[in-house]
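The structure under discussion appears below in the form of structure tokens.
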Amino acid sequence: MKVLIAYPIKINLNRLENISWRPDLLSNDDGLRDEISRFKPHIILVDNNLLSAETLHLWRNIMGSSAVLNVIRSGADLTRINTEKVAELGIHLSNILELIPEINSRKGCEEAMDQAALTVLAVIVLKETFCGSTNFEIPSTLTNESITVIGAGIAGLVAALFLSIGGYRVTVIDRHDQPVLGKDLEVYNGGTTMGGCDARHASVTEAVAAPTRVRSLRLTPMNKGWRMLDNMSSDEEVWAQKFEAMSHFPEMYSIFSDLVTSMNRAAIDLWEDLFKQIPELAENAMRSRRIVRLCTSESAVSNTVEFQNKVHRKTDKVIQLSKEQVVTRFPHLNHDHLAGGVEVEGFTMNVQQLGDNLVNYLAKKRQVTFRWACEVASLEDTVVVLKTGEKIISDRILLATGVSGDAPLKVSPIIKQVQAVIGYWLKLPNINRITEGFKIHEADPVAVMNVTMSVDDATLIISGGFGFVGKHPIVKTSHYTEMAVLVARTVRKYFPTEFEKATESNKKIPMTYCLRPMSADGMPVIDWITTANSDKVMYVGATSGGGFVQASMLSLFALDMFSGRNDYAHITRAMVSSRDSLSDCLYYHDITDDDVEETPEDSMKPLDASIQQFVDDFLLL
Ligand SMILES: Cc1cc2nc3c(=O)[nH]c(=O)nc-3n(C[C@H](O)[C@H](O)[C@H](O)COP(=O)(O)OP(=O)(O)OC[C@H]3O[C@@H](n4cnc5c(N)ncnc54)[C@H](O)[C@@H]3O)c2cc1C
């Protein structure tokens, strides 16, 4: 898909085959027409350029009547574009100023405008390029290059797979031992993927946070907030302000969410295609082939149907389920609090089994080597320095360290951008032999709970709960306990018999957590890390609650960037780490009375008696 950029966007997209970078055409209408004739773009990004009827006709004639054409426009002057002709010729117009009107009133927000335009561009290209389940081709390159992948979580393992298919020699390093299924995995320092619970969902709306989470990070769990910490460091404070500022810019936020949902949609297809091509990867791991979202009120059902229809493709099936249908489908749940549901595209996954399958598959490949129990202390250009002092030399490095890679990321602003949001889970005996995974939409801070079965179906794994912990890997404040109890109480509400069974004879349910790597605007990060060799070291991650589903797509992009093909540059440029500083002026907003922080509650305060009682009775924290 070809893109003509005819305004001086500040992010450099120069020297890419599928992008014509012509900021000089800003006020040169004849030149713009010449370039349209020569380059034949599908998308044109313009500022205040003249898009007359003549120019639009020329473009449509050159491209033919069936081509999908898009104009992304950030200029304010609507007299310079023939909007009637745009409509008549079936050209789609995304007017950034209409999408994010709040920008107009701000001075110096060109960078935010650029970011918005790039994100809209990425969404269009994603939707047009990956518009149906196709046989994805993972391109291979004639290369003898070596790449060290740091991090054997889902991002690193899938990237290692794609890079090895792409022709690279790959060494995967992780500081934890080789994971052994069923043994010692569920400890957080094993990383989010292998050190978390063995259950993930792939659906189109994973990792889409509601822009209504105004001041979430200031409010404690008991007040429906995400607050876990008493005091934030200055880096955590900046992250928190950016996260909260999104609620002041809902249109901008919805552009970012569009990118995440479009990525997720394509990523689901890519996973399914990968499993068709290499079935052993999915063995014992891929479960329910559709995902049901259960809702607690009629209005939640209709809002969910509307939203899911918006983010799915026209050809996707989004099916509304009545309460009766939900009761028939999940007869063993307590339905008192449920009003109905929505069935959508997706699947559930036992992610540790998938990780194990990936490691076994990769270990058989000649060009892949694993180095377990090796902690990286630092990077010296493209030399990886281990804690032991050993140096590993390769041509390139991919950092897939999730939220725990501070040591090798020392030089990069990414270290501040990627922070942690906690998630909890517990396990119940699957005494009613539930065999289909599903989600329950609850209110914050429990939010959407995922229910998945263990590989042998003997156990239900239920995850939920959000809390901002920034750069703190271990949190044991009273807010931590409150959140755990809120999640566990909600679980008991829907699974009373299973909960009772798990706690009979004074048994306690172990409840634990791990940390989701997340950026403040919710979009993933895929970017070169600025070093002397700026196209040698890359970071991929920050995917929030969508790290599993997005791993397939991000790995395709990582291979694209390493190989220098840059076929997807118009998508990946929207996810670069510099977007954080580019959008600084947008994130900033004037403090109003509403923003005044309430008196912080001491997170070490004694717990409320009922919370303490619940912990004493039922939980091992
Ligand atoms: C409760 C919960 C539920 C979730 N549910 C879903 C879901 O349903 N769907 C979904 O898509 N996502 C979900 N997620 C999010 C998803 O699990 C994460 O985004 C994803 O696992 C992150 O993977 P990663 O590879 O980026 O990071 P990680 O899995 O953390 O991998 C990073 C690896 O790097 C290693 N490492 C770090 N530093 C070093 C170093 N210095 N030297 C050597 N090795 C190092 C670590 O040991 C680790 O193995 C959920 C998360 C949680 C917590």
Side-chain angles (χ1 to χ4, degrees), residues 148-160 172-179 185-208 260 263-264 267-268 271 291 346-349 351-352 354-355 371-379 384-387 392 398-410 418 420-426 437 439 447-452 461-467 469 473 487 512-518 524-526 539-555:
T148 302
V149 175
I150 308 175
I154 196 66
L157 289 174
V158 186
V172 184
I173 302 182
D174 204 293
R175 65 178 171 204
H176 63 62
D177 289 332
Q178 174 163 5
L185 277 179
E186 294 186 353
V187 282
Y188 167 66
N189 65 8
T192 310
T193 310
M194 300 307 268
C197 57
D198 188 15
R200 297 292 186 276
H201 288 192
S203 76
V204 178
T205 46
E206 301 298 335
V208 176
V260 171
M263 278 256 303
N264 290 352
I268 290 171
W271 274 118
I291 298 220
F347 56 88
T348 68
M349 175 60 65
V351 77
Q352 291 171 357
L354 172 68
R371 298 278 313 264
W372 298 106
C374 290
E375 178 149 6
V376 176
S378 61
L379 303 183
V384 174
V385 184
L386 300 183
K387 238 182 160 179
I392 297 174
L398 178 66
L399 278 156
T401 43
V403 75
S404 54
D406 283 10
L409 269 171
K410 233 172 257 161
V418 183
V421 170
I422 198 168
Y424 295 76
W425 74 90
L426 54 72
K439 292 176 185 283
V448 177
M449 286 199 318
N450 284 359
V451 182
T452 319
I461 306 164
I462 306 167
S463 64
F466 288 82
V469 298
V487 174
T512 188
Y513 69 93
C514 70
L515 304 178
R516 307 170 172 97
M518 183 172 169
V525 176
I526 179 160
Y539 175 88
V540 66
T543 38
S544 178
F548 157 62
V549 64
Q550 288 166 23
S552 59
M553 217 55 202
L554 288 172
S555 298

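Order of listing sets the numbers, starting from 1, for every ligand and every atom in it.
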Can you list the steps and then say if Thr452 with Trp425 is a side chain to side chain contact (heavy atoms under 4.5 Å, CB included)?
-> CA-CA 11 Å; Thr452 319; Trp425 74 90; over 6 Å; no
Can you check side chain to side chain contact (heavy atoms under 4.5 Å, CB included) on Val487 and Tyr513, steps first, answer last?
-> CA-CA 11 Å; Val487 174; Tyr513 69 93; over 6 Å; no
Give the C-alpha distance, both sets of side-chain angles, the deciding distance and a yes or no for side chain to side chain contact (heavy atoms under 4.5 Å, CB included) between Arg516 and Val403.
-> CA-CA 7 Å; Arg516 307 170 172 97; Val403 75; over 6 Å; no
Ligand-residue contact atoms, ligand 1 with Pro408, heavy atoms, under 4.0 Å = 41 (N)
Would you mind running through ligand 1 and noting each atom that sits below 4.0 Å from a heavy atom of Gly546?
-> 10 (C), 11 (O), 12 (N)
Output the list of atoms in ligand 1 that are nearer than 4.0 Å to some heavy atom of Gly405, sorted by atom number.
-> 38 (N)
Counting only heavy atoms, which portion of Ala400 has something under 4.0 Å from ligand 1: side chain, backbone, both, or neither?
-> backbone
Hey, is Ser544 one of the residues with a heavy atom under 4.0 angstrom from ligand 1?
-> yes
Is a donor on one side and an acceptor on the other found under 3.5 Å between the side chain of Gln352 and the backbone of Gly196?
-> yes
Output for pair (Leu409 CG, Ser378 OG), nearest 0.5 Å, gives 12.0 Å
Judging by distance only, is a nitrogen or oxygen of Val376 under 3.5 angstrom from one on ligand 1?
-> yes
Evaluating non-hydrogen atoms only, which member of His176, Arg371, Arg200 is closest to atom 5 (N) of ligand 1?
-> Arg200
Any N or O on Pro517 sitting closer than 3.5 Å to an N or O of ligand 1?
-> no
Below 3.5 angstrom, do we get any N/O pair linking Glu375 and ligand 1?
-> no
Which atom of Met194 lies closest to which atom of Val351, heavy atoms considered = SD-O, 4.4 Å
Selection from Thr401, Val549, Asn450 by shortest heavy-atom distance to atom 36 (N) of ligand 1 = Thr401
Just jot down the ligand 1 atoms closer than 4.0 angstrom to any heavy atom of Thr543, in number order.
-> 19 (O)
What are the two closest heavy atoms between Arg200 and Phe548, and how far apart are they?
-> CB-CD2, 3.8 Å
Of all the heavy-atom pairs spanning Lys410 and Ala377, show the shortest one and how long it is.
-> NZ-O, 4.1 Å
Indicate the atoms forming the closest heavy-atom contact of Ile526 with Leu554, along with that distance.
-> CD1-O, 3.7 Å
So, is Ile154 polar-close to ligand 1, with some N/O to N/O distance under 3.5 Å?
-> yes
Of the side chain and backbone of Arg175, name the one, both, or neither that has a heavy atom under 4.0 Å from an atom of ligand 1.
-> both
Kindly say whether Gly151 contributes a backbone atom to a donor-acceptor pair with the side chain of Thr401 at under 3.5 angstrom?
-> no
Backbone or side-chain N or O of Val540 under 3.5 Å from ligand 1 N or O | no
Residue part near ligand 1, for Cys374, under 4.0 Å between non-hydrogen atoms = backbone
Return yes or no for this condition: an N or O of Ser463 is under 3.5 Å from an N or O of ligand 1.
-> no
Can you find a non-hydrogen atom of Gly195 under 4.0 Å from ligand 1?
-> no
Would you name the heavy atoms of Asp174 and Gly153 that are closest together and state the gap between them?
-> OD2-N, 4.2 Å
Return yes or no for this condition: an N or O of Asp174 is under 3.5 Å from an N or O of ligand 1.
-> yes
Can you name the closest pair of heavy atoms from Ile291 and Phe347 and give their distance?
-> CD1-O, 3.5 Å
So, does Gly402 sit close enough to ligand 1 that a heavy atom of it is under 4.0 Å from the ligand?
-> yes
N or O pair under 3.5 Å between Thr193 and ligand 1 | yes
State if Ala407 counts as touching ligand 1 under the rule of any non-hydrogen atom under 4.0 Å.
-> no
Test side chain to side chain contact (heavy atoms under 4.5 Å, CB included) on Asn264 and Thr205 and set out the steps.
-> CA-CA 7 Å; Asn264 290 352; Thr205 46; 5.8 Å; no
So between Ala155, Ala152, Cys514, whose heavy atom ends up nearest atom 26 (O) of ligand 1?
-> Ala155
Does Met194 come within less than 4.0 angstrom of ligand 1, counting non-hydrogen atoms of the residue?
-> no
Would you call Gly196 a ligand 1 contact, heavy-atom distance under 4.0 Å?
-> no
Answer whether the closest heavy-atom distance between the side chains of Val376 and Thr148 falls below 4.5 Å.
-> no
Looking only at N/O atoms, are Arg516 and ligand 1 under 3.5 Å apart anywhere?
-> no
Hey, does the side chain of Thr193 reach the backbone of Ile154 with a donor-acceptor pair shorter than 3.5 angstrom?
-> yes
Nitrogen or oxygen of Leu515 less than 3.5 angstrom from that of ligand 1 | no
Are the side chain of Asn450 and the backbone N or O of Lys439 linked by a donor-acceptor pair below 3.5 Å?
-> no
Enumerated ligand 1 atoms positioned under 4.0 Å from heavy atoms of Gly151 | 33 (C), 34 (O), 35 (C)
